[in-house]
Amino acid sequence: MTTMSERVRVKVLLLVGDQAEIVADAPDAEEPVRYPVAEIAAAVGVPERRLPGTRLTAEVGPGDRLSGWKLA
């Protein structure tokens, strides 16, 4: 059985310690969710300090958790 995952567009709002605040890249975006900044930086090849403002795509997994970060 094959399960297709959905990719969504997101934006890194800002960094809070070792966490990145991520929000949907849409005008009606809701509250941001935090993810480990090191994980995102390593996945997309962007230095941590340069992530705020970066637009990405991510896979939506169980519990609506995001993973599989890529530059948009």
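Positions are given from 1, in the same order as the sequence printed here.
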Next on the checklist: Can a donor-acceptor pair be found, under 3.5 Å and without considering hydrogens, that links the side chain of R7 to the backbone of T57?
Outcome noted: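 Yes.
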Checklist entry - Rounded to the nearest 0.5 Å, how far apart are CZ of R34 and CG of D18? => result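 Between atom CZ of R34 and atom CG of D18 there are 9.5 Å.
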[X] and [Y]: which non-hydrogen atoms are nearest, and at how many Å?
X   : Y   : result
P32 : E21 : CG-OE1, 3.5 Å
E48 : A41 : CG-CB, 3.6 Å
Y35 : R65 : CE2-NH2, 3.1 Å
L13 : P52 : O-CB, 3.8 Å

Are [Y] and [X] co-members of a hydrophobic cluster defined by side-chain heavy atoms under 4.5 Å apart?
X   : Y   : result
I22 : V60 : yes
L56 : V33 : yes
V46 : V10 : yes
V23 : V37 : no
L71 : W69 : yes

